Amino acid sequence: MKKGHIYTGTVERVAFPNKGIVRTEEGDMAVVKHAVTGQKISFSVKKVRKGKGEGRLLEVLERSPLELEQAPCPYFGECGGCAFLNFSYENQLELKVQQVRELLEPVVDGFADIFEGAKESPRRFAYRNKMEFSFGDSYKGGPLALGMHKRGSFHDIVTVAGCRIADKDYSDILSAVLEYFQNYGEGGEGVPYYHKHSHQGYLRHLLVRKAVKTGEILVGLVTSSQIGEEEGALLEGFCQALLALELEGKIVGVLHTRNDSLADAVIDQGTQALYGVGFFYEELLGLRFRISPFSFFQTNSLGAEVLYETARQYIAGAGDGKVIYDLYSGTGTIAQMLSPVARKVIGVEIVEEAVEAARENAIRNGLDNCEFLAGDVLKVLDGIEEKPDFIVLDPPRDGIHPKALDKIIRFGVERMAYISCKPTSLARDLEVLQSRGYAVERACCVDMFPFSANIETVCLLSNRKSKPHSYVDLSINMEDYHRIKNEEK
């Protein structure tokens, strides 16, 4: 295959997370994102590596027999948010489960016998409790837009009023905010958005969070500091435009966050409340959680109940009256659900804001046997005096740092539970755990992100105590770790 050439081929399968494996008419193999099994496509080759091409999808020449006649969202294909809206829910769930199987079967001994399939999300549409929208334009020099990035574009924005994975309140808020800033000013000249190249402009992001159980809504506007004395009046009008809306939920807080960093991300460099409070409440499995604008909380509240109930079933009996470590604990949801059966639960989380929220939530739920520590798991573990009897792992997408994993293994607990949102990272870490004496007893998937390319996996591991701890095994896997990270980059 040659870089820059255009080829035609058929998609044989989809590898995690959204990579179509294409066989060309000439018999060559290529990886093309956003292509699905059974499609005949044309694509251009961006680069060739070890005989395989990496291509960009140009056109779907023949539809897959698995595709719906029409996707249920008008923005699908243009918006970069969803991967499998052109599949029925059953087909896309089967596809994601197959991807997990392909990644874990070569790694986990007897995986086919212990894998329990996938649990569905209680809601297939309108399930998200958080959306981050970006300001920009839909084409260079076009009018102000607010929504999601276009598929494959760093700059262009699709205004997604009517997005199917968030409920109507999100669309109403998005539309009202966009209209306000488009028409602001005596001449209706509008407010400029922040340009990623020139780093000039004001409007950056709109953050909306809504609790499924309580209906409470938190709205946050993220801007640069590049504005004059009129900012006070501008923000007051923004706040009033929101409060005038008739929504199914209730706005409990409107926030303004300053962000002058060069990164295209929501970064808090100072937040003030324009109205109400800087948090909202959500309920999971009978517990109540206070959530701040930037703290981690599962984006599918009802799906999180399924996920945590699954983890609780896996753990049943293992933590009774014992010390449990909840590592990468976020706002402490797992720790608090385990606390009734534990002597003590110790949560470790690097985001200090999330740790403060976890402490407050534990007090609010009347739990006095939870302790939450702020810091990197790799460093904090050395300072904890009470050693664990059981460990729960719920790391970020990149998995567990090899040195932290070594420390975790050296505790030698009889059992641990691993919750993962990225099966490639899970496969890497399970390989290390197995080489150091652990075996996977049970595993299943929970679909927390319908129509996206992602899925959660829960594993229960037991210590076989059949192999000594080996530095050699760890060093080999650290090499694998860095090789995988370089390949991902």
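The structure presented is a predicted model; accordingly, all values stated were derived computationally and were not measured.
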Nearest 0.5 Å, please: how far is [atom2] in [Y] from [atom1] in [X]?
{"X": "Thr214", "Y": "Phe280", "atom1": "OG1", "atom2": "CZ", "value": "7.5 Å"}
{"X": "Leu460", "Y": "Tyr438", "atom1": "CG", "atom2": "OH", "value": "11.5 Å"}
{"X": "Arg442", "Y": "Thr310", "atom1": "CZ", "atom2": "OG1", "value": "9.0 Å"}
{"X": "Thr333", "Y": "Asp326", "atom1": "OG1", "atom2": "CG", "value": "7.0 Å"}
{"X": "Ser420", "Y": "Arg397", "atom1": "OG", "atom2": "CZ", "value": "8.5 Å"}
{"X": "Ile267", "Y": "Ser261", "atom1": "CD1", "atom2": "OG", "value": "3.5 Å"}

Checking salt bridge (charged side-chain N to carboxylate O under 4.0 Å, His left out) between Asp447 and each of Arg123, Lys119, Lys96, which is the one that passes? Lys96

Donor-acceptor pair, [X] side chain versus [Y] backbone, under 3.5 Å?
{"X": "Tyr75", "Y": "Ala161", "result": "yes"}
{"X": "Gln226", "Y": "Gly201", "result": "yes"}
{"X": "Lys387", "Y": "Ile384", "result": "yes"}
{"X": "Asn18", "Y": "Lys33", "result": "no"}
{"X": "Thr159", "Y": "Gly147", "result": "no"}
{"X": "Lys407", "Y": "Leu378", "result": "yes"}
{"X": "Asp389", "Y": "Val323", "result": "yes"}
{"X": "Arg204", "Y": "Asn259", "result": "yes"}

May I ask you to test the [X]-[Y] pair for a side-chain heavy-atom distance under 4.5 Å?
{"X": "Cys163", "Y": "Met131", "result": "yes"}
{"X": "Leu93", "Y": "Ile455", "result": "yes"}
{"X": "Leu206", "Y": "Ile173", "result": "yes"}
{"X": "Pro450", "Y": "Gln92", "result": "yes"}
{"X": "Asp376", "Y": "Val380", "result": "no"}
{"X": "Pro293", "Y": "Phe279", "result": "no"}
{"X": "Phe294", "Y": "Leu207", "result": "yes"}
{"X": "Ser295", "Y": "Val351", "result": "no"}

Check residues 227-235 and write down every donor-acceptor pair under 3.5 Å in which the side-chain atom is one partner and the other belongs to a residue at least two apart or another chain.
unit_1 : atom_1 : unit_2 : atom_2 : d
Glu231 : OE1    : Arg258 : NH2    : 3.3
Glu231 : OE2    : Tyr202 : OH     : 2.7
Glu231 : OE2    : Arg258 : NH1    : 2.7

Can you list everything that forms a ring-ring contact (aromatic ring centres under 6.0 Å, His included) with Tyr180? Sequence neighbours excluded, please. Tyr184

Run the ring-ring contact (aromatic ring centres under 6.0 Å, His included) test against Phe238 and tell me which residues pass, sequence neighbours left out. Phe181

Is the distance between the ring centroids of Tyr89 and Phe84 under 6.0 Å? no

For the rings on His197 and His155, is their centre-to-centre separation under 6.0 Å? yes

Partners passing side chain to side chain contact (heavy atoms under 4.5 Å, CB included) against [X] (at least two apart in sequence or in another chain):
{"X": "Asp394", "answer": "Gln298, Ile334, Ile419"}
{"X": "Thr299", "answer": "Arg128, Asn129, Lys130, Phe449"}
{"X": "Ala427", "answer": "Leu104, Val107"}

Under the side-chain hydrogen bond (donor to acceptor under 3.5 Å, both in side chains) test, residues paired with [X] that sit two or more places apart:
{"X": "Gln99", "result": "none"}
{"X": "Glu386", "result": "Lys344"}
{"X": "Glu236", "result": "Gln240"}
{"X": "Glu248", "result": "none"}

Under the criterion side chain to side chain donor-acceptor pair (under 3.5 Å), I'd like the reasoning laid out for Ser292 against Glu353: C-alpha separation, chi angles, the key distance, then a yes or no. CA-CA 8 Å; Ser292 56; Glu353 182 186 17; 2.8 Å; yes

Determine whether the side chains of Asn300 and Ser121 contain a donor N or O and an acceptor N or O closer than 3.5 Å. yes

Please check if any side-chain donor atom of Asp156 sits under 3.5 Å from a side-chain acceptor atom of His149, or the reverse. no

Taking side chain to side chain donor-acceptor pair (under 3.5 Å) as the cut-off, I'd like each qualifying pair that reaches into residues 266-275, sequence neighbours left out, listed once. Thr257-Thr271, Asp268-Thr271

If you count every heavy atom of other residues, nucleotides or ligands that lies below 6.0 Å from Lys150 atom NZ, does the total exceed 12? yes

Take a 6.0 Å sphere around CD of Glu352 and say whether it holds more than 12 heavy atoms from other residues, nucleotides or ligands. no

Checking Arg151 against Phe76: charged group under 6.0 Å from the ring centre and within 45 degrees of the axis? yes

Side-chain ion pair, [X] and [Y], N-O less than 4.0 Å:
{"X": "Arg359", "Y": "Glu356", "result": "yes"}
{"X": "Asp167", "Y": "Lys210", "result": "yes"}
{"X": "Lys213", "Y": "Glu305", "result": "yes"}
{"X": "Asp406", "Y": "Arg436", "result": "yes"}

Using side chain to side chain donor-acceptor pair (under 3.5 Å), reason through Asp260 and Ser225 one step at a time and then give a plain yes or no. CA-CA 7 Å; Asp260 285 312; Ser225 58; 2.7 Å; yes

Derivation of the side-chain contact (heavy atoms from CB on, under 4.5 Å) call for Glu349 and Thr331: CA-CA 8 Å; Glu349 168 60 44; Thr331 52; over 6 Å; no

Please evaluate residues Phe135 and Phe133 with respect to the criterion ring pair (Phe, Tyr, Trp, His ring centres under 6.0 Å), reporting the C-alpha separation (whole Å), side-chain torsions for both, the decisive distance (0.1 Å), and the verdict. CA-CA 7 Å; Phe135 287 95; Phe133 301 117; 9.4 Å; no

State, to 0.1 Å, how close Leu144 and Val191 come at their nearest heavy-atom pair, and which atoms those are. CD2-O, 4.0 Å

By the salt bridge (Lys or Arg N to Asp or Glu O under 4.0 Å) test, which pairs, at least two apart or in different chains, include something from residues 273-290? Glu283-Arg288, Arg290-Glu360

